[in-house]
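To start, the structure itself, in structure tokens.
All figures in this text were calculated on a predicted structure; none of them were measured in a lab. Lettering follows sequence order; numbering is per chain, from 1.
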Number of protein chains: 4
Amino acid sequence: MSPRRRDAESTAAARAERRAELLATAAEVFASRGYAATTVREVAEAADMLGGSLYYHFDSKESMVDEILSAFLTEMWAAYDKVTGSGLGARETFEALIVESFRTIHRHRPAVVIYQNESKHLATNPRFSYLTESQGRFREMWLSVLDRGVTDGVFRADLDTGLIYRFIRDTVWLAASWYRGDGPLPAEEIARQYIAMVLEGILTTP
Amino acid sequence: MSPRRRDAESTAAARAERRAELLATAAEVFASRGYAATTVREVAEAADMLGGSLYYHFDSKESMVDEILSAFLTEMWAAYDKVTGSGLGARETFEALIVESFRTIHRHRPAVVIYQNESKHLATNPRFSYLTESQGRFREMWLSVLDRGVTDGVFRADLDTGLIYRFIRDTVWLAASWYRGDGPLPAEEIARQYIAMVLEGILTTP
Amino acid sequence: MSPRRRDAESTAAARAERRAELLATAAEVFASRGYAATTVREVAEAADMLGGSLYYHFDSKESMVDEILSAFLTEMWAAYDKVTGSGLGARETFEALIVESFRTIHRHRPAVVIYQNESKHLATNPRFSYLTESQGRFREMWLSVLDRGVTDGVFRADLDTGLIYRFIRDTVWLAASWYRGDGPLPAEEIARQYIAMVLEGILTTP
Amino acid sequence: MSPRRRDAESTAAARAERRAELLATAAEVFASRGYAATTVREVAEAADMLGGSLYYHFDSKESMVDEILSAFLTEMWAAYDKVTGSGLGARETFEALIVESFRTIHRHRPAVVIYQNESKHLATNPRFSYLTESQGRFREMWLSVLDRGVTDGVFRADLDTGLIYRFIRDTVWLAASWYRGDGPLPAEEIARQYIAMVLEGILTTP
DNA sequence: TATGAATGAGAGTTCATTCAT
DNA sequence: AATGAATGAACTCTCATTCAT
């Protein structure tokens with residue numbers, strides 16, 4: 001490997017790292033102020049640069065969210081696929097998916113918040129059609145688990161699985177907007193209680 | 001009643017009605033496109049007018065959301081207060097509040113969606129401080145019901161009530177973004193299943 | 001004279017009177033806030049009506065200033081013409097013109113203020129070409145008096161009459177912006193002192 | 001001096017210079033068309049830019065006049081203070097102040113015109129309270145000189161000094177609207193004749 | 001005569017984006 | 001890599017004006 005080659009590699013790596021840094025910064029700003037309400041200048045300022053400088057790294061404001069969201073979704077689906085592909089029973093799959101979701105939130109909180117708040121509007125743009133696709137896949141995945149559970153007699157049959165699905169989707173993702181990882185309850189404890197609540201309900205059992 | 005009197009009344013009433021109409025239109029547009037991303041022209045267009053014409057009725061774009069949100073919150077709290085003031089037990093109060101929430105969603109869906117999506121950002125503006133206050137009241141109301149239920153032995157003691165609270169808050173309000181009232185399940189059935197799910201869990205009881 | 005005729009007359013008279021009232025109101029508002037900065041609504045409000053109602057009486061905002069200014073100029077020139085046509089000597093004419101100017105200010109203060117502040121900008125509009133004409137006539141009138149005074153040995157020959165003219169023009173008209181007629185000095189006294197100052201200077205005579 | 005240091009200085013200086021250029025352009029446009037009647041786009045056009053570009057340099061249209069006026073007043077007061085602080089007699093102070101005023105007009109004509117035309121309206125805005133203060137200071141300065149002159153027996157005692165003050169104020173500042181510096185009379189000659197006129201009057205001395 | 005609702009042009013301002021340096 | 005100046009489209013809002021009632 002020639003020195004020249006190594007240089008190219010190291011600068012390419014440095015460049016990728018800088019992008020990642022900037023994206024992380026941007027994600028936080030977008031998450032806290034809202035994508036539409038955030039100006040490019042604000043993002044740049046948070047990264048200690050001037051507005052125009054961001055355009056050396058990114059094509060547009062849009063391409064920033066794009067990268068943020070697609071990176072997050074890619075990683076999330078890799079984790080989900082591992083779970084669903086490991087041949088667990090319905091209840092175990094259910095629990096594992098919930099745990100995995102909280103883990104994703106833990107690792108990509110800003111991206112999750114953006115996804116939660118903006119994907120509906122962004123999805124109208126063809127560029128973000130993958131958001132709609134992801135949502136569909138998400139729905140199918142959960143419905144499949146829930147239906148299997150009902151068939152297996154693990155989950156109640158008197159509840160609409162579509163309703164349960166929405167219920168789970170909403171609470172799991174919205175957790176991103178309040179879960180900080182520095183509260184009194186550790187992540188595992190939250191996941192455990194969450195699972196207990198959904199599975200067994202909040203009533204005392206007689 | 002003199003004719004003059006009647007005239008004054010009818011024009012004042014007509015004006016109030018027009019405002020209400022326009023606010024309803026604005027609420028729908030804000031809800032579907034997002035407040036920040038919606039232009040005043042779009043609102044006006046949806047009301048079959050030109051941009052400037054809205055300013056005959058309202059001071060600003062901001063005052064529109066203000067009216068939309070405060071009207072909705074006023075009505076919602078009146079309903080909640082009736083429930084909490086009627087001396088029901090913890091579980092009955094719990095159920096009644098859920099039902100009331102779904103009713104509110106049914107009547108003010110666009111306002112609820114706006115509240116859900118924008119209140120975090122709007123609340124930074126002193127004009128919308130009532131949003132933060134309302135959120136605080138909401139939290140206290142639910143925690144009081146939940147804690148009472150735990151004390152009375154109706155609700156499980158091994159779950160964090162703060163967690164349950166968030167759980168309920170998120171799912172109830174997010175329901176506004178998917179509940180249309182024209183789906184296969186009627187409102188009461190949704191409320192019933194929702195309550196069953198939260199109270200008893202989704203597992204089959206052995 | 002038939003009753004019908006009298007009615008027509010009285011309504012025409014009433015109408016003219018209303019116009020005059022409205023113009024007086026408008027003049028005051030234009031004078032105190034500036035023509036460009038004054039909105040039609042503000043004028044209407046000062047006359048206890050709504051914005052649109054003024055258009056029953058006047059074609060446009062512009063036509064209001066037009067009427068205000070031309071009425072004032074017509075009256076002013078009638079008075080000046082009387083003075084210049086009465087065969088007085090240069091000094092007497094000078095004094096009479098000054099007195100007449102203060103009288104005009106006294107009677108048309110708002111119009112004078114408007115003239116002072118806005119005529120430069122209005123004059124660019126062909127409709128107000130008479131403002132430029134009036135200014136020219138004004139200049140000629142004063143220069144003629146001053147030159148005659150110099151020729152007659154009444155006024156100093158070592159001063160540029162063009163400079164004196166500007167000097168007089170500025171102070172006389174600007175007096176409109178501070179002269180209220182309710183100060184400690186009565187109008188005649190002001191005119192007297194003003195004349196003394198301009199004619200004899202402010203130095204003590206040795 | 002390091003190159004870095006010099007760069008920082010030169011860019012800061014270049015920036016200040018650009019601001020000054022733009023302000024000079026803006027002042028001319030405001031002076032000739034009136035502040036309220038001038039659009040930001042017109043100012044920009046006069047500076048060969050587009051409307052929005054001005055906002056890179058200035059916060060608002062208002063901040064432009066603010067800078068124009070306060071810069072002018074600061075310089076003017078520095079000059080006046082030098083005169084009043086140099087222990088001259090009443091008459092010499094009087095003459096020096098007049099000369100200084102004409103010099104100020106010569107150097108800041110557009111600013112003076114703006115001050116003359118707009119300060120009354122601008123002063124209602126708290127941001128421009130310094131205009132009112134300056135006016136008060138101006139009045140006190142002149143009255144003090146005039147009163148001293150009367151006491152010393154240099155100026156006539158039979159004229160109201162308040163009237164003389166207004167007289168001087170009006171003519172001096174209004175000179176800005178006609179004095180171009182390119183007329184037949186040079187600045188000093190104008191000041192000389194002006195002083196002669198005010199001090200000795202326009203009558204021939206018998 | 002006057003109202004009240006609406007118009008539509010244009011104002012001040014913001015902001016994503018570009019580009020020479 | 002980053003700066004800083006500028007662009008230009010779009011936005012919120014204002015206001016003279018119109019017109020049915």
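Contact annotation: the side chain of B/V40 approaches that of B/Y55 to within less than 4.5 Å [non-hydrogen atoms, C-beta and beyond]. You'll find the side chain of D/F58 reaches within 4.5 Å of the side chain of D/L22, heavy atoms only. Two residues are said to be in side-chain contact when any heavy atoms from C-beta on lie closer than 4.5 Å; B/F30 and B/V43 meet this criterion.
C/F72 and C/H108 have tilted rings, their planes meeting at an angle from 30° to 60° on a 0 to 90° scale.
If you take CZ of C/F58 and P of E/dT1, they are 12 Å apart, rounded to a whole angstrom. Rounded to whole Å, atom P of E/dA11 lies 14 Å from atom CE of D/M64. Atom CG of B/L54 is separated from atom C1' of E/dA5 by 12 Å (rounded to the nearest Å). Atom C1' of nucleotide E/dA6 and atom CG of B/L50 are separated by 8 Å, given to the nearest angstrom. Rounded to an integer number of Å, the gap from CE of B/M49 to P of E/dG4 is 16 Å. F/dC13 atom P lies 14 Å from atom CD of B/E42, rounded to whole Å. Rounding to whole angstrom units, CG of residue A/D48 and C1' of F/dA2 are separated by 12 Å. Going from atom CZ of B/R18 over to atom P of E/dT3 covers 21 Å, rounded to whole Å.
Nearest to the side-chain atoms of C/H57 among the listed nucleotides E/dA2, F/dA6, E/dA5 stands E/dA2.
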Determine, for nucleotides 14-21 of chain E in 5'-to-3' order, which nucleotides have protein heavy atoms under 4.0 Å from the base (write B), from only the sugar-phosphate (write S), or from neither (write -). BSSBB---

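Although no hydrogens or angles enter the test, the distance criterion places no donor-acceptor pair under 3.5 Å between the side chain of B/S129 and the main chain of B/N125. Of the possible polar contacts, none joining the D/S119 side chain to the D/Q116 backbone as a donor-acceptor pair under 3.5 Å is found. No donor-acceptor pair closer than 3.5 Å links the side chain of D/T124 to the backbone N or O of D/K120.
Residue pairs meeting the side chain to side chain donor-acceptor pair (under 3.5 Å) criterion with at least one member in residues 35-54 of chain A, sequence neighbours excluded, are A/R33-A/E42.
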Both distances under 3.5 Å, Watson-Crick or G-U wobble: on that basis, could you give the dot-bracket string for DNA chain E, with [ ] for crossing pairs and | for other-strand partners? .||||||||||||||||||||

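Looking at every heavy atom in both residues, A/V29 comes nearest to A/A46 through CG2-CB, 3.8 Å.
Residue D/Y56 places at least one side-chain N or O closer than 4.0 Å to OP1 or OP2 of F/dA5.
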